[in-house]
Amino acid sequence: MSEKRKTAVVALGGNAISNPDQRETIHTQFAQTRRSMSGILSVIQAGYDVVITHGNGPQVGYELIRVEAARGQAPEQPLGVLVASTEGWMGYMIEQSLMNRFKDDHIEKSVVSLVSQVLVSKDDPSLENPTKFVGSTYPEYEAYRLAEERGWTVKKDRGRGGLRRVVGSPEPLDILNADAIRFLLDSGYVVIAVGGGGVPTYKDENGHLEGVDAVIDKDRASAVLGNRIGADDLLILTAVEKVALNYGRADQVDLDRMTVSEAKDYHAIGHFQAGSMGPKVQAAIQFLEKGGKRVIITDLDHVAEAIAGKGGTTIVPD
Ligand code: ADP
Ligand code: MG
């Protein structure tokens with residue numbers, strides 16, 4: 001009997017695709033994605049079946065800019081459709097990068113990417129009170145005019161010195177193609193799914209699915225996916241090697257390991273920033289409380305060491 005294989009959901013952060021030192025083009029994104037495949041290979045070589053998820057923040061932002069620029073010349077596409085669009089082309093980019101890497105390394109494995117719908121509640125409070133910035137920054141007079149014309153909510157983005165559209169980031173409840181993902185993993189595929197957190201959808205009174213113009217946090221969607229497919233590990237690959245207390249301060253302390261209770265305590269006293277490390281730690285807590293065995297948060301260069309327990313930050317059940 002062969003030993004039971006383990007499953008990992010590997011969530012790629014923005015830096016797996018965008019290099020902050022370069023002006024972004026499609027070439028820089030492909031090049032950075034190809035480089036990032038070394039990290040994925042480490043996970044496969046450690047004996048895992050792998051689902052890759054990824055963010056789409058900058059990419060969906062550019063799609064929104066294109067929609068505005070093409071107004072009157074091409075049909076407008078709403079945000080939910082744009083998320084699906086980024087899942088499609090970014091899935092293609094990652095799939096091709098990994099296939100080429102497998103070819104070079106003589107690895108016989110197939111790769112497939114899927115566009116994922118993610119179930120949310122129509123009554124999610126974040127849809128009433130949106131806070132997630134998307135798209136361009138506008139001067140005040142223009143922002144309010146656009147808000148009126150387009151039906152947007154706009155708020156001041158302190159980081160960018162202007163007003164931007166805000167959209168909801170509802171809680172992911174279920175990944176609608178989770179069974180297909182499990183089936184493909186069991187058939188030997190590496191699967192790319194839940195890109196950009198997936199397309200938020202809700203069920204109407206007749207049980208029919210409808211898209212929502214919102215975005216889902218990719219780390220939280222990755223945790224829900226992990227639980228749904230019975231994954232052992234959730235690997236969140238981001239721009240820092242370790243999660244820290246007092247992040248960015250002189251007294252910063254990098255963490256090698258924490259339990260769920262410790263993670264909750266640190267989160268409650270504000271160590272993990274909302275919108276960046278906060279959702280990662282929340283995703284970790286949820287994944288572990290619902291049956292996951294281990295969460296690793298680290299960067300692409302330390303994946304292999306972290307899996308061996310010698311790098312990154314590991315979070316475990318109590
Ligand atoms: P991703 O694209 O991978 O989701 P984010 O920028 O959303 O990346 O989140 C990762 C970032 O969170 C890190 O690069 C770091 O700047 C920031 N961060 C905030 N709080 C912490 C913390 N307590 N420990 C480590 N990094 C933190
Ligand atoms: Mg993020």
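No experiment lies behind these values; they were computed from the predicted model shown. Positions are given from 1, in the same order as the sequence printed here. For ligands, and for the atoms within them, numbers begin at 1 and follow the listed sequence.
Of the listed residues (A239, S18, G14), the one carrying the non-hydrogen atom nearest atom 14 (O) of ligand 1 is A239. For the residues G55, S276, A16, the heavy atom positioned nearest atom 9 (O) of ligand 1 is part of S276.
Under the 4.5 Å side-chain criterion, counting only non-hydrogen atoms from C-beta, I52 is not in contact with V191. For the pair D256 and T314, the minimum side-chain heavy-atom distance is 4.5 Å or more. Between K155 and L163, every side-chain heavy-atom pair lies at or beyond the 4.5 Å cut-off. Here the side chains of E87 and N56 are not in contact, with every heavy-atom distance at 4.5 Å or above.
Regarding atom 13 (C) of ligand 1, its nearest protein heavy-atom neighbour is V240 CG1, 3.8 Å. The protein heavy atom nearest to atom 20 (N) of ligand 1 is M277 CB, 3.4 Å. Of the protein's non-hydrogen atoms, the one nearest atom 25 (C) of ligand 1 is Y247 CD1, 3.4 Å.
Checking each of I40, T53, L234 against V10 for a side chain to side chain contact (heavy atoms under 4.5 Å, CB included) leaves exactly one that passes, namely I40.
Any N or O atom pair closer than 3.5 Å counts here, and F272 shares no such pair with ligand 1.
Taking the centre and axis of the six-membered ring of F102, the NZ or CZ atom of K109 falls outside the cone set by 45° and 6.0 Å.
Using modelled atom types, one side-chain atom of D232 and one backbone atom of T7 make a donor-acceptor pair closer than 3.5 Å.
Within the 4.0 Å heavy-atom criterion, the part of K242 lying near ligand 1 is the backbone and not the side chain. Residue contacts with ligand 1, taken as heavy atom pairs separated by less than 4.0 Å, involve H271 solely via the backbone atoms N, CA, C and O.
Proximity to Q273 (heavy-atom distance under 4.0 Å) selects the following atoms of ligand 1: 19 (C), 20 (N). Ligand 1 places these atoms under 4.0 Å from at least one heavy atom of T238: 1 (P), 3 (O), 8 (O), 9 (O), 10 (C). Below 4.0 Å from some heavy atom of K280 lie the following atoms of ligand 1, by number and element: 1 (P), 3 (O), 4 (O), 8 (O), 9 (O), 10 (C). Within ligand 1, counting atoms from 1 as listed, the ones closer than 4.0 Å to a heavy atom of K218 are 1 (P), 4 (O). Every atom of ligand 1 is numbered from 1 in the order shown, and the set under 4.0 Å from a heavy atom of A244 is 22 (C), 23 (N), 24 (N), 25 (C).
Salt-bridge check for R150 with E76: failed, with every basic side-chain N at 4.0 Å or more from each acidic carboxylate O. Under a 4.0 Å N-O distance rule, the pair K242/D299 does not qualify as a salt bridge.
Using a 4.0 angstrom heavy-atom cutoff, G275 counts as in contact with ligand 1.
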